[in-house]
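To start, the structure under review is shown below, and the notes come after it.
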Amino acid sequence: MCGIVGAIAQRPVAAILLEGLRRLEYRGYDSAGIAVLDQVGKLNRLRTLGKVARLRDEVAAAPLSGTLGIAHTRWATHGEPAVRNAHPHICRDRCVLVHNGIIENHEELRREQKAAGHHFTSETDTEVVVHAVYDELTAGYPLIEAVRRATARMTGAFALGVIDTQDPEHLVAARQGSPLVIGVGFGEHFIASDVFALLPVTHRFIFLEEGDIAELTRDTVRIWSRDGELVKRPVKESAVAADSAERGEYRHFMLKEIFEQPRAIADTLEGRLAGNRVLPEGFGNTAPDLFAQVKAVTIVACGTSYHAGLVARFWLESLAGLPCTVEVASEYRYRRHVVPESALFVTISQSGETADTLAALRIAKESGYATTLAICNVPESSLVRESDLVLLTHAGPEIGVASTKAFTTQLIALLLLTTALGRYHGLSEAAEARMVALMRSVPSKMEQVLALDDRIATLAEQFVDKQHTLFLGRGEQYPIAMEGALKLKEISYIHAEAYPAGELKHGPLALIDENMPVVAVAPNNALLEKLKSNLEEVRARGGQLFVFADFAVPLTEESGVTVIRLPETDDLIDPLIFTIPMQLLAYHVAVLKGTDVDQPRNLAKSVTVE
Ligand code: HGA
């Protein structure tokens with residue numbers, strides 16, 4: 001959420017900053033801004049409402065020259081999306097900064113600063129930071145010290161890029177609770193919210209740690225830790241290709257990412273299997289010993305990742321025999337909990353920077369969990385760095401705000417976890433071999449489902465004019481129904497809810513009429529007969545049913561009942577296979593409705609604020 005980019009170079013930086021913003025746009029896109037210090041020390045700032053392309057057009061019309069600058073793409077937390085609230089924020093033409101995060105004590109600081117004579121031009125929490133840094137600069141402190149002193153008074157989360165217009169030789173960056181990387185070039189240095197922003201200019205990165213403050217010149221980077229010590233952080237080479245976040249021939253990133261799932265699953269399995277077995281070492285060298293001691297599992301995550309956790313609960317309890325609880329991180333972090341004995345604490349997050357999930361992990365570490373494990377798509381993320389064990393999903397960059405391939409790779413990672421843990425809890429070798437074979441079959445089954453794209457595109461026409469949709473599933477398909485409903489509401493703005501089908505008659509059945517399409521996820525499993533009865537309850541009340549069922553399911557199409565046939569699979573991998581038509585349905589409905597599929601309104605990816 002909110003994208004930051006900054007540069008100090010010997011060449012003009014405006015184009016680099018704008019390209020960085022374009023690559024960060026998935027993080028926020030309600031407004032954007034750029035500030036560049038020109039050769040004569042004059043600061044030029046441009047801010048626009050809406051997407052980065054608009055800012056780019058304005059810069060094209062009024063070019064910005066200069067070799068030191070910062071830029072920002074915003075996802076508003078405090079103050080409506082408006083030009084006056086867009087970053088960079090400036091104090092008295094001297095101090096300029098961009099911010100990602102939330103300053104929790106901004107009201108108190110604002111009161112003080114107003115009393116001291118500062119004039120506020122925005123409703124953002126951010127503005128108190130720029131005034132505070134200004135006060136320290138005018139008290140005579142150099143920029144790095146001014147930022148340190150000012151941020152010492154801030155509570156909450158921030159990643160900052162700061163410039164003093166009277167000091168064109170320095171760019172200062174600070175990180176506390178929001179991600180920030182430094183890009184290392186030759187005679188130039190950069191900052192950004194993630195590595196993708198900077199891939200066109202460098203592949204060498206320093207990942208700032210919590211509490212770090214960095215001072216960048218064209219030739220040097222100096223970093224101080226939260227204790228004020230000058231520290232050395234390693235420079236890491238990124239293997240990610242600069243074009244890995246490009247859309248290619250696809251109309252939307254989301255569609256590209258849906259179609260990438262077979263490859264993403266194969267990549268996530270690679271190196272994690274040996275013959276018929278899962279390699280527990282894939283979770284870390286100490287994993288075999290730690291897994292042997294695990295007696296319970298707690299999973300904490302947000303949004304789509306939470307749905308992955310809910311599926312995993314079925315697997316962990318039924319296959320590994322381990323009690324498992326799953327909770328959304330924003331709830332978990334604010335309640336008292338009982339820590340089960342010898343429990344494994346699992347976090348799931350695409351970005352590894354999800355603020356609530358990260359906070360939950362920190363609480364868990366202090367409250368006595370035996371081991372922590374992160375399932376994550378970004379190797380250098382905070383979640384990965386702070387967990388004992390890690391299983392990286394190899395989904396590649398996911399740019400569409402609605403998560404697709406990150407979800408299914410999380411599911412396969414959780415199946416690997418179930419199998420690895422199961423080994424120490426009574427899962428037989430034969431059962432493990434069967435699970436491994438099924439995992440290996442997922443990519444080809446997914447290819448078969450993707451071939452239904454045209455059929456689902458046609459089906460989508462029946463949803464376009466609807467206000468609501470109900471999704472039904474039972475067992476491990478209930479979280480898949482939840483995920484289907486989430487996808488539909490995120491990108492098509494149709495109100496959608498999921499229910500475990502058995503709950504229908506306890507309330508939601510009252511909603512059923514000819515205007516309420518009902519989507520059911522119906523693999524051929526032990527709960528099928530129960531689900532069929534639930535579907536009859538809908539039909540009897542004139543509801544319009546759309547059933548995604550595998551070939552073996554004895555269901556016939558008739559008036560009011562549309563059946564979409566999927567390849568026959570096995571219970572174990574059904575959640576991965578049945579997710580795909582849910583994604584395609586949401587995608588095609590959104591395209592027909594003409595919404596902004598990759599950047600739906602009000603949302604942003606990588607939720608780094610609470
Ligand atoms: N609080 C600041 C920055 C928002 C942000 O980081 N969003 O993810 C603002 O509202 O401008």
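Numbering of ligands and ligand atoms starts at 1, following listing order. The residues of the chain are indexed from 1 along the displayed sequence.
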_Closest non-hydrogen atom pair between Ser305 and Ile348, with its separation_ = CB-O, 3.4 Å
*Where's the contact between Asp125 and ligand 1, heavy-atom distance under 4.0 Å: side chain, backbone, both or neither?*
side chain
*Structural part of Thr126 in contact with ligand 1, heavy atom criterion under 4.0 angstrom*: side chain
*What do you reckon, does Asn85 have a nitrogen or oxygen under 3.5 Å from a nitrogen or oxygen of ligand 1?*
no
*asked:* Working to the nearest 0.5 angstrom, can you tell me the gap between Met254 CE and Glu490 CD?
replied: 7.5 Å
*For this output row, return yes or no: ring centroids of Tyr332 and Tyr306 closer than 6.0 angstrom.*
no
*Any atoms of ligand 1 less than 4.0 Å from a non-hydrogen atom of Arg74? List them with their elements.*
9 (C), 10 (O), 11 (O)
*Should Gly101 be listed as contacting ligand 1, given a heavy-atom distance under 4.0 Å as the test?*
yes
_From Leu411 atom CG to Phe407 atom CZ, the distance as rounded to the nearest 0.5 Å_ = 4.0 Å
_Ligand-side contact atoms (ligand 1) for residue partner Cys2, heavy atom cut-off under 4.0 Å_ = 3 (C), 4 (C), 5 (C), 6 (O), 7 (N), 8 (O)
*asked:* Counting only nitrogen or oxygen atoms and a 3.5 angstrom limit, does His72 reach ligand 1?
replied: no
*Looking at ligand 1, does any of its N/O atoms fall within less than 3.5 Å of an N/O of Ala76?*
no
*Determine, using heavy atoms of His87 and all atoms of ligand 1, whether some pair is separated by less than 4.0 Å.*
yes
*asked:* I want to check something: taking the side chain as every heavy atom from C-beta on, are Val59 and Arg56 in contact at a cut-off of under 4.5 Å?
replied: no
*What's the shortest heavy-atom distance between Ala132 and Met154, and which atoms?*
CB-CE, 3.6 Å
_Considering both backbone and side-chain atoms of His78, is one of its nitrogen or oxygen atoms within less than 3.5 Å of a nitrogen or oxygen in ligand 1?_
yes
*atom 8 (O) of ligand 1: nearest protein contact (heavy atom, Å)*: Met1 CB, 2.7 Å
*Check the side chains of Glu497 and His495 for a donor-acceptor pair under 3.5 angstrom, ignoring hydrogens and angles.*
yes
*How far does OG1 of Thr408 sit from CD of Gln261, to the nearest 0.5 angstrom?*
3.5 Å
